[in-house]
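Quick note on labels: first sequence line is chain A, next is B, and so on, each numbered from 1.
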There are 2 protein chains.
Amino acid sequence: MSPYDPSAFLPFAVTVDLVVLTVRGQGLCALAVRRGEPPFQGRWALPGGFVRGDEDLAQAAARELAEETGLCVQDTGGAEAAHTAHLEQLATYGDPGRDPRMRVVSVAHLALAPDLPAPRAGGDAHSARWAPVEDLLGRDGVAGPGGEPPVPLAFDHARILADGVERARSKIEYSSLATAFCPPEFTVGELRRVYEAVWGVALDPRNFHRKVTGTPGFLVPTGGTTTRQGGRPAQLFRAGGATVLNPPMLRPEI
Amino acid sequence: MSPYDPSAFLPFAVTVDLVVLTVRGQGLCALAVRRGEPPFQGRWALPGGFVRGDEDLAQAAARELAEETGLCVQDTGGAEAAHTAHLEQLATYGDPGRDPRMRVVSVAHLALAPDLPAPRAGGDAHSARWAPVEDLLGRDGVAGPGGEPPVPLAFDHARILADGVERARSKIEYSSLATAFCPPEFTVGELRRVYEAVWGVALDPRNFHRKVTGTPGFLVPTGGTTTRQGGRPAQLFRAGGATVLNPPMLRPEI
DNA sequence: GCAAAAGTGTTAAGGCTACACCCATGT
DNA sequence: ACATGGGTGTAGCCTTAACACTTTTGC
């Protein structure tokens, strides 16, 4: 049998699942939707859906992201988007039996977004919410917003979420990706709080400031200032053109 | 329409494609197979094949790797394997139209192997060979071993190969992955030549020696020595347990 | 002896950590 | 005045780059 013989064709369903991360308050949060139908009815899951016949994997992920959150992907040319997010492919999960109904291969994507007012429940999801990743990944799983007992995420979504969080944690070390968690204009302190939330550590504000402002291409000053965090007015910056940080941000050991 | 409604099922074919890299002579080489049937008949391509109904994506990739090269994956418990390779998922490619016959989603995997005697043509491939990656990625494509004019790789395999090479180049910076290109026992000089071949740079042998022997868990001495590279006898090492290198190997700028 | 590859020593340059210290605002 | 967060200076530590030098083999 040839590896490309069409007669060897075996039918799979292909979906995209989304790990959408944002920083809210002190911690890292992910978007979860409540399943409205079996299997895992009533359980929380990652947003996602089938890939359509005429679209690329990245297009399918961007479409699902827009349906669930209203976010547009950064490289979309249109300037009318209220909010933009970073989107990249994460990994593909294809265990037989990961979906009890049929053979489903899911191409997971990772999206990073600034803090949004509130998730809008897309099309078919009964509800959607931002939940701290520790809750979603904890042994007990996530509790409902109304105090329902905690249950783990549906399917293998806890594994997918863990992989996405790990990708984000390591990638902000050597890339400018942390700016994707910030609004278009932000201060050095706001960027530092992103690192602290994603890594779960405290960083020295003085050394952090020197480091990020000294890395060429990371931040460009807009000229404006803000006092929205209190204290002395802070300079506002936009993300610079650099995508890779040299030298990288150093993540404290423990 | 629910994103998980089975009636929304759309038939895809799912394949695994393999980027198998090794270091031969002075450079980085990849395994290429010649296609025996349309489309792209006679052109060089990456090895790969359909995922079977009962196997995981990683199992499918390991099976294809064994069929094409006889290599076993490292974490296979059996000690009888003559050669072992590192295998990891790379990325998934699902453009509509990437295969002219049908909608094919390919989950590409990256395999790193020590230098092997010669590729064995698996099952259906007319022939298989190791080719320098610059040749496979060059604008003109790869020439046949008998002097046929060069043609580009089939499908989107040049893109997949480029992504795999980039993954290998960056991952040997911060992980012990470079040892996957070496035989079970190797010298510091042999490991250095791996870095030089993958990065295409020259490294200072003295500083390299200090760095790798000083990184805890990277290399463990076996006690033996060899003179197979000429000169003064060199200590033999095995890969240590460490998978992540701290501090990382520094890749020269240019 | 000579070439070749393996190792060790040393020094200067630059990045990081830690912390002292000053600046500009709101209350 | 004081609290709060923003920003700069500096000393010590550590890593790296560059290169001089010694060691051990094959021919």
Side-chain angles (χ1 to χ4, degrees), chain A residues 25-26 172-174 182 185-197 199 201-238 242 244-254, chain B residues 25-26 172-174 182 185-197 199 201-238 242 244-254:
Chain A
Q26 305 304 312
I172 64 173
E173 289 188 50
Y174 59 89
C182 296
E185 297 200 352
F186 53 90
T187 69
V188 171
E190 289 163 353
L191 182 64
R192 175 171 50 81
R193 280 178 275 278
V194 165
Y195 275 91
E196 291 177 331
W199 284 344
V201 298
L203 300 175
D204 186 302
R206 290 84 53 110
N207 292 335
F208 183 87
H209 186 282
R210 227 193 319 267
K211 178 80 179 239
V212 296
T213 55
T215 299
F218 193 6
L219 302 182
V220 292
T222 66
T225 61
T226 182
T227 59
R228 61 190 178 216
Q229 301 288 345
R232 167 177 167 179
Q235 281 185 272
L236 285 169
F237 294 87
R238 270 197 304 271
V244 63
L245 301 185
N246 234 300
M249 300 296 300
L250 287 189
R251 181 176 175 178
E253 289 292 318
I254 300 195
Chain B
Q26 306 303 312
I172 63 173
E173 289 187 51
Y174 58 89
C182 296
E185 298 200 352
F186 54 90
T187 69
V188 172
E190 289 162 353
L191 181 63
R192 176 172 49 82
R193 281 179 273 279
V194 165
Y195 276 91
E196 292 177 329
W199 284 344
V201 298
L203 300 175
D204 185 302
R206 290 87 48 113
N207 293 334
F208 183 88
H209 187 281
R210 225 192 322 266
K211 176 85 178 236
V212 296
T213 56
T215 299
F218 194 7
L219 302 182
V220 292
T222 67
T225 61
T226 182
T227 59
R228 61 190 177 215
Q229 301 288 346
R232 168 177 166 179
Q235 281 184 272
L236 285 169
F237 293 87
R238 270 196 306 270
V244 63
L245 300 185
N246 234 301
M249 300 296 299
L250 288 189
R251 180 175 174 179
E253 290 294 317
I254 301 187

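Here the nucleotide nearest the side chain of Pro233(B), chosen from dT24(D), dA18(D), dT8(D), is dT24(D). Among dA6(C), dT15(D), dG7(D), the nucleotide with an atom closest to any side-chain atom of Ala234(B) is dA6(C). Closest contact between the side chain of Val188(A) and the listed nucleotides dA6(C), dG7(D), dT15(D) involves dG7(D). Closest to the Leu250(B) side chain, of the nucleotides dA17(D), dG6(D), dT25(C), is dA17(D). The side chain of Gln229(A) approaches dG5(D) more closely than any other nucleotide in the set dG7(C), dG5(D), dC19(D). With distances taken from any side-chain atom of Asn207(A) to the nucleotides dT8(C), dT25(C), dA18(C), the minimum falls on dA18(C). The side chain of Arg210(A) has dA18(C) as its nearest neighbour among dG7(D), dA18(C), dA6(C).
Considering only side-chain N and O atoms, Lys211(A) lies under 4.0 angstrom from the phosphate OP1 or OP2 of dC16(C). Using a 4.0 Å cut-off, some side-chain N or O of His209(A) falls inside it from OP1 or OP2 of dG7(D).
You won't find any donor-acceptor pair under 3.5 Å spanning the side chain of Arg206(B) and the base of dG9(C), going by distance alone. A donor-acceptor contact under 3.5 angstrom links the side-chain atoms of Arg232(B) to the base of dA6(C). Evaluation of atom-type donor-acceptor distances gives no pair under 3.5 Å for the side chain of Arg192(A) against the base of dG5(D).
Between the CG atom of Asn246(B) and the P atom of dT16(D) there is a distance of 10 Å, rounded to whole Å. Atom-to-atom, CZ of Arg251(B) to C1' of dT16(D) comes out at 18 Å; the value is rounded to the nearest Å. Atom CG in Asp204(A) sits about 16 Å away from atom P in dG9(D), given to the nearest Å. When rounded to the nearest whole Å, the span between CD of Gln235(B) and P of dA5(C) equals 18 Å. What separates CG of Leu191(B) from P of dG7(C) is a distance of 12 Å, to the nearest Å. Atom CG in Leu245(B) sits roughly 15 Å away from atom C1' in dT15(D) (whole-Å rounding). Leu203(B) has its CG atom 16 Å from the C1' atom of dA5(C), to the nearest Å.
Residues Glu190(A) and Glu185(A) come closest through the heavy atom pair OE1-O, 4.4 Å.
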**OP:** Begin from the C-alpha positions of Leu236(B) and Thr187(B) and carry the test side chain to side chain contact (heavy atoms under 4.5 Å, CB included) through to its verdict.
**Re:** CA-CA 5 Å; Leu236(B) 285 169; Thr187(B) 69; 4.0 Å; yes
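By the 4.5 Å heavy-atom criterion applied to side chains, Met249(A) and Trp199(A) are counted as neighbours.
At a threshold of 4.0 angstrom between heavy atoms, the contacts of Pro205(A) with the nucleic acid are absent. Among the heavy atoms of the strands, none lies under 4.0 Å from Arg228(A).
Expressed to the nearest 0.5 Å, how far OG1 of Thr222(A) lies from CZ of Phe186(A) amounts to 9.5 Å. With values rounded to the nearest 0.5 angstrom, Gln235(A) atom CD is found 6.0 Å from His209(A) atom NE2.
Positionally, the nearest nucleotide of DNA chain C for Gly231(B) lies more toward the 5' end than for the other of Phe237(B) and Gly231(B).
Of the residues Val244(A), Leu191(A), Asn246(A), the one that meets the side chain to side chain contact (heavy atoms under 4.5 Å, CB included) test with Phe218(A) is Leu191(A).
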